[in-house]
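To keep things clear, I will list the structure first and then write my remarks on it.
None of these values were measured; they are calculated from a predicted model.
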Amino acid sequence: MVNNMFSDFPDGAVSREAETFEALLTQPGVRIERIISTGQSSTPDFWYCQPQNEWVMVIQGSAALRLENEAGERVLKAGDFVNIPAFCKHRVEWTDTTEKTIWLAVHYG
């Protein structure tokens, strides 16, 4: 079976009502997700803090991440990626409001 990162979007992403998270592959010790954002961001004062590492890449659109121990945000455009260590507090400051931001996230460890 062949799938495509740029098609077959969930209803929430198509309607732009919700950020969507889809597991593409789940195996012991690794989970690969497609995340589609349509202008969403983390709520004020919310920080993700996960027990596993996360490698994330923007493959379409743009977004800004903030890591708790850094003064500024990291702006990511298509092709940019970052590795977020386990238990590193981070948040999404903004995602593109004019086009879908498609992320490829790999949770591991």
Side-chain angles (χ1 to χ4, degrees):
M1 177 155 98
V2 175
N3 294 305
N4 188 294
M5 293 293 286
F6 302 104
S7 64
D8 299 321
F9 298 129
D11 291 341
V14 172
S15 66
R16 303 181 69 85
E17 292 178 4
E19 187 170 50
T20 60
F21 299 80
E22 299 171 87
L24 303 176
L25 175 73
T26 302
Q27 295 290 319
V30 67
R31 184 176 78 252
I32 301 174
E33 291 180 321
R34 175 174 72 171
I35 304 167
I36 303 174
S37 306
T38 54
Q40 290 84 8
S41 60
S42 300
T43 57
D45 300 319
F46 173 81
W47 295 87
Y48 291 97
C49 187
Q50 303 161 176
Q52 67 278 349
N53 303 297
E54 181 179 7
W55 180 92
V56 65
M57 176 175 164
V58 170
I59 60 173
Q60 177 182 296
S62 58
L65 290 178
R66 180 177 302 273
L67 278 61
E68 184 182 46
N69 61 346
E70 296 180 357
E73 63 187 26
R74 295 185 186 195
V75 176
L76 304 175
K77 303 175 299 297
D80 294 338
F81 60 89
V82 63
N83 189 61
I84 304 168
F87 300 106
C88 175
K89 289 185 178 180
H90 62 285
R91 54 182 282 109
V92 177
E93 293 292 320
W94 56 264
T95 60
D96 200 318
T97 59
T98 61
E99 70 174 319
K100 291 177 182 70
T101 298
I102 302 175
W103 312 73
L104 180 64
V106 179
H107 302 268
Y108 66 96

Single-linkage hydrophobic cluster F87~W47, side-chain heavy atoms < 4.5 angstrom: no
Any E33 side-chain heavy atom under 4.5 Å of W103 side chain: no
Distance in Å, I35 CD1 paired with I102 CD1, rounded so as to fall on 0.5 Å steps: 11.5 Å
L67 and R74, any side-chain heavy atoms less than 4.5 Å apart: yes
Taking every non-hydrogen atom, the tightest pair across T97 and G39: CG2-CA, 3.9 Å
Close side-chain approach of F9 and R34, heavy atoms under 4.5 Å: yes
Nearest atoms (heavy-atom pairs only) where T38 meets A18: OG1-O, 4.2 Å
Nearest heavy atoms of E22 and D8, plus distance in Å: OE1-O, 4.5 Å
Validation row: L24, N3 side chains within 4.5 angstrom (heavy atoms): no
Nearest-0.5 Å distance, NZ of residue K89 to CG of residue N69: 11.5 Å
Heavy-atom neighbours of N4 CG exceed 12 at 6.0 Å: yes
Test salt bridge (charged side-chain N to carboxylate O under 4.0 Å, His left out) applied to E19 - qualifying residues, sequence neighbours left out: none
Side-chain donor/acceptor of N53 to backbone N/O of A86, under 3.5 Å: yes
Least distance between heavy atoms, P10 atom then T20 atom: CG-OG1, 3.8 Å
Main-chain N/O of R66 paired to R91 side chain as donor or acceptor, under 3.5 Å: no
Partner residues of E73 under the side-chain hydrogen bond (donor to acceptor under 3.5 Å, both in side chains) criterion, sequence neighbours left out: W94
Single-linkage hydrophobic cluster, 4.5 Å side-chain cutoff, M5 and F21 together: no
Shared hydrophobic cluster, V106 / V82 (ILVMFWY, side-chain heavy atoms < 4.5 Å): no
Atom OH of Y108: over 12 foreign heavy atoms under 6.0 Å: yes
No-hydrogen, no-angle side-chain donor-acceptor test under 3.5 Å, E99 and T101: no
Residue pair E93 / S41, side-chain heavy-atom distance below 4.5 Å: no
Min side-chain heavy-atom separation Y48-I84 under 4.5 Å: no
Atom pair CD (E54) and NE2 (H90), whose distance is rounded to the nearest 0.5 Å: 4.5 Å
Side chain S42, main chain V92, donor-acceptor under 3.5 Å: yes
Interatomic distance, C49 atom SG to E68 atom CD [nearest 0.5 angstrom]: 8.0 Å
Spacing of OG1 belonging to T95 relative to CG belonging to L65, to within rounding of 0.5 Å: 10.5 Å
Throw together a table of side-chain donor-acceptor distances under 3.5 angstrom for residues 55-64, partners on residues two or more places apart or in other chains.
unit_1	atom_1	unit_2	atom_2	d
Q60	NE2	K100	O	3.2
S62	OG	D96	OD2	3.3

